[in-house]
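These numbers were taken from a predicted model, which means no experiment stands behind them. To find a chain, count down the sequence lines: A is the first, B the second, and so on, and within it residues start at 1.
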Amino acid sequence: MDFDFSEEQGLLRDSVTRALADAYPSLERRQARIAASLGFPEEGWRSLAELGLLGLPFAEDDGGFGGGPVETMIVMEAIGRTLAVEPYLASAVLGGTALRLGADATQRARFLPGVIDGSLRLTLAQTERQSRYDLHDVATTARRDGDGYLLDGQKCVVLNADAAGLLVVSARSAGERRDPHGIGLFLVPADAAGLSIQPYPTQDGGRAAEVSLSGVRIGADAVLGDPQNGLPLLARTVEHGIAALAAEAVGSMEALHALTVEYLKTRKQFGVPVGSFQALQHRAVDMMIALEQARSMALYAAMMVEAPDAAERAAALAAVKVQVNKACRLVGQEAVQLHGGIGMTLEYIGAHHFKRLAMIEYQFGDTPHHLRRVAEDGGLIAA
Amino acid sequence: MDLRFTPEEVAFRDAVRSFCRSEIPAEIRRKVSEGRGLTKDDIVASQRILNAKGWAVPHWPRAWGGQDWTPIQRYIYTEELLQAAVPLPQQFNCYMFGPVLATFGSEVQKERFLRRAANLDDWWCQGFSEPGAGSDLASLKTRAVRDGDHYVVDGQKTWTTLGQHADWIFCLVRTDPEAKKQRGISFLLIDMTSPGITVRPILTLEGRHEVNEVFFDSVRVPVENLVGEENRGWDYAKFLLANERTGIARIGLTKERITRIKRLAKEMPAGDGTMWDDPAFRTRVAEVEIELKALEITQMRVAARQGRADSVQPDPASSLLKIRGSQLQQAATELLVELAGPFALAAPERGAGANDPPGGFDWVDAAAPSYFNNRKVSIYGGSNEIQHNVIAKGVLGL
Ligand SMILES: Cc1cc2nc3c(=O)[nH]c(=O)nc-3n(C[C@H](O)[C@H](O)[C@H](O)COP(=O)(O)OP(=O)(O)OC[C@H]3O[C@@H](n4cnc5c(N)ncnc54)[C@H](O)[C@@H]3O)c2cc1C
């Protein structure tokens, strides 16, 4: 067992941390970046490409850098720490995983160079009005049309859709709405006829969109993997999303906990630092315990997300999300409370960590959803 | 012993209930229910309807518009307003300034201010907290120095709720810098249009303009605007804070939220049915309801006791109500966000051309802001940590 980063991983962490700390030195600068038309500056995206982060998860044969889940974890932690808003999760992690695991040689050759050099951004269009967190609940249809497909349906809260050149869309080519079979993943260019994107800001400084597909025609070359049996690929994509979110949450909680401890040391009331009150000391310690438990689960996620056994992998990632969600809530709420009024203001970076952590809870499954999955699976320990 | 309302109390409840629902504009109640911000006009309109009925300030002395209700009636009244999503009478006017002035003010001051406060002709805000004086309020530094017929006020207040609407601010100011902290404080009424006052907005984390910083730069305040005696302001403030804390449990508010959550859950698809078909979700709602039922009875126990006590001293139980009441208000907003689920991510200021709300649910974008904003209820009015200290010291003798 070895929890240490390799030398390359250490270098990666240093360079990402430095680059993002430079790009996000203050809340004002973050707000300025968010004010760009896509919700992040193009040069921010380009600099991620220049750092090699966009090619990180892809094989060297595909022009990538052959990184794995640990490398993604390192990047996402830095993103969480700085509350960076570049669409790394949507594009590199979600879209990237779908392509990495699902694309055939032609599709790789066609799309990956752009993904890696930053000229093509991706996103995953999966959630529907009725689906909540169930990946197999798909009402959007993919009807055969010649050798291609016609897509019809509505996708909700699609992350950074307005910045994406290519959308990975889950749609049903066969079966009933909640049938695990009959789901495919389809590559839809953002400028496809019949595709409409209604973007909006999200509660945490990011962006998302409602996406509607009305008779969107795509060719046979736009099918990612098996059009009838794409659920496993979708599930794996979302598992990578959960692992990435876990790391992002750890980065954000780490920053927020540090801010809180610092504040307890400096804020004086009744002639003493409020951190001298044991009632508050214990709360800061409980936050730390939650953070460390979440950190362990983020590592567990990185370890398990490529595990070969699908059932074992699914249970592990569900467990990760439960633990991380709980930590997000505790650390976020306690940080605001221990800051008093300051924690309630938009001018304070801590409040933005709180909001991001609150939203992570509801991305790719909230606590009850994943708790139920773990329980229905019989738990993690053999009976 | 009988935990049920008497027939008279039931009749009273029904009267308040039907008045709230028939007389207060539905549009205002909808905004309250959905947790969307009210305009100043909304709040004024609603309060004037109540005031015309004699119900804006029922707890004030009869001479100034009060109603001689029993504490149970007052409880019923507040809870019915909250359950009907009627904005409570403007709290600074009705629950803080009014009672203080009615108890400690001069006759001239009462004549001048009270009726206008009840009708919200003047909007009052509360200038207590300062950057350096939050939980430790008595360490406040804003100074008022006597200069002939005036005080000259210098300093800064902060977290001033809805100060942007205010005509007047009641302030705690230091008039004797030599005295022990609590001793040198006075209670001063300051016209917000006075030269030397600057109001700067602070946006709360969900992005609304709800609080402000108020700066005083050599603001001249007539001596006649002092309430009670000089250097006795701390006593009046303690009286006021006790008033602020009673009814702070906001049981009716949480009930209203739970009712709404149940209604929305029945319309929120999940699996083959709706969220309301999910026993796990219903269990979590039930947990909040049970805790709320207990608190409701606790609240009535406190109210009944107040009916007997003739002292103006706060009941330490009000701290208990504040702690658990605020937690339950927050728990309800957490359930609302859970219900909104993946759609909670969408922010309210959707771009132009975005005519469809996320998923077609027109309420989901207000769920997270309401959750965010409600973090305040365990911070203001004496934080929950301070309330714990009050009970530990005052009740347990620790
Ligand atoms: C939305 C909002 C609206 C407000 N409106 C008004 C208003 O209209 N007028 C007004 O005057 N004020 C208002 N306030 C101010 C409010 O009363 C203060 O925020 C509150 O008293 C806490 O003070 P603080 O923010 O300075 O926190 P601090 O006092 O600095 O507290 C920081 C942390 O330390 C804890 N703490 C402090 N002392 C102790 C102790 N002895 N033991 C254990 N823990 C302790 C606190 O509970 C908190 O967790 C408002 C605040 C908010 C957030």
Pair Ser378(B)-Gln337(A), side-chain donor/acceptor within less than 3.5 Å: yes

Distance-only polar pair, side chains of Tyr371(B) and Gln333(A), donor-acceptor under 3.5 Å: yes

Could you have a look at [options] and say which one has the most heavy-atom pairs with chain A under 4.5 angstrom?
options: Val337(B), Asp136(B), Ile379(B); answer: Asp136(B)
options: Asp278(B), Asn389(B), Thr274(B); answer: Asp278(B)
options: Leu345(B), Leu203(B), Val211(B); answer: Leu345(B)
options: Pro342(B), Gly360(B), Gly207(B); answer: Pro342(B)
options: Ala133(B), Gly271(B), Ala280(B), Ala340(B); answer: Gly271(B)
options: Ala138(B), Ser129(B), Gly134(B), Ser383(B); answer: Gly134(B)

[options]: which one forms the most heavy-atom pairs within less than 4.5 Å of chain B?
options: Arg178(A), Lys268(A), Met359(A); result: Arg178(A)
options: His339(A), Arg283(A), His352(A); result: Arg283(A)
options: Pro368(A), Ser196(A), Ala209(A); result: Pro368(A)
options: Gly343(A), Gly341(A), Ala351(A); result: Gly341(A)
options: Gln154(A), His369(A), Arg372(A); result: Arg372(A)

Select one option (side chain, backbone, both, neither) describing which atoms of [X] are under 4.5 Å from chain A's heavy atoms.
X: Glu210(B); result: neither
X: Glu334(B); result: both
X: Arg208(B); result: neither

Carboxylate-amine/guanidinium proximity below 4.0 Å for Arg200(B) and Glu347(A): yes

Which atom names give the shortest non-hydrogen contact between [X] and [Y], and what distance separates them?
X: Arg267(A); Y: Gly132(B); value: NH1-CA, 4.1 Å
X: Gly341(B); Y: Tyr133(A); value: CA-OH, 3.1 Å
X: Tyr200(A); Y: Ala347(B); value: CD1-N, 4.4 Å
X: Asn373(B); Y: Met344(A); value: O-CE, 3.5 Å

Which answer fits [X], side chain, backbone, both or neither, if we ask what part of it has an atom under 4.5 Å from a heavy atom of chain B?
X: Arg329(A); result: side chain
X: Phe364(A); result: neither
X: Leu280(A); result: side chain
X: Ile197(A); result: neither
X: Glu361(A); result: neither
X: Arg132(A); result: both
X: Val336(A); result: both
X: Ala279(A); result: neither

Kindly say whether [Y] contributes a backbone atom to a donor-acceptor pair with the side chain of [X] at under 3.5 angstrom?
X: Gln130(A); Y: Pro269(B); answer: no
X: Gln269(A); Y: Ser135(B); answer: yes
X: Gln203(A); Y: Ala368(B); answer: no
X: Glu210(A); Y: Gly359(B); answer: yes

Chi angles and distances behind the side chain to side chain contact (heavy atoms under 4.5 Å, CB included) call for Thr345(A), Trp159(B): CA-CA 10 Å; Thr345(A) 63; Trp159(B) 310 123; 3.2 Å; yes

Verify the neighbour count for atom [atom1] of [X]: are there more than 12 heavy atoms of other residues, nucleotides or ligands below 6.0 Å?
X: His388(B); atom1: NE2; value: no
X: Arg183(B); atom1: CZ; value: no
X: Lys181(B); atom1: NZ; value: yes

Sub-6.0 Å ring centroid separation between Phe343(B) and Tyr362(A): no

Test log, rule salt bridge (charged side-chain N to carboxylate O under 4.0 Å, His left out), inputs Lys355(A) and Glu206(B): CA-CA 9 Å; Lys355(A) 293 204 284 185; Glu206(B) 82 287 8; over 6 Å; no

Spacing of CG belonging to Asp134(A) relative to CG belonging to Asp272(B), to within rounding of 0.5 Å: 9.5 Å

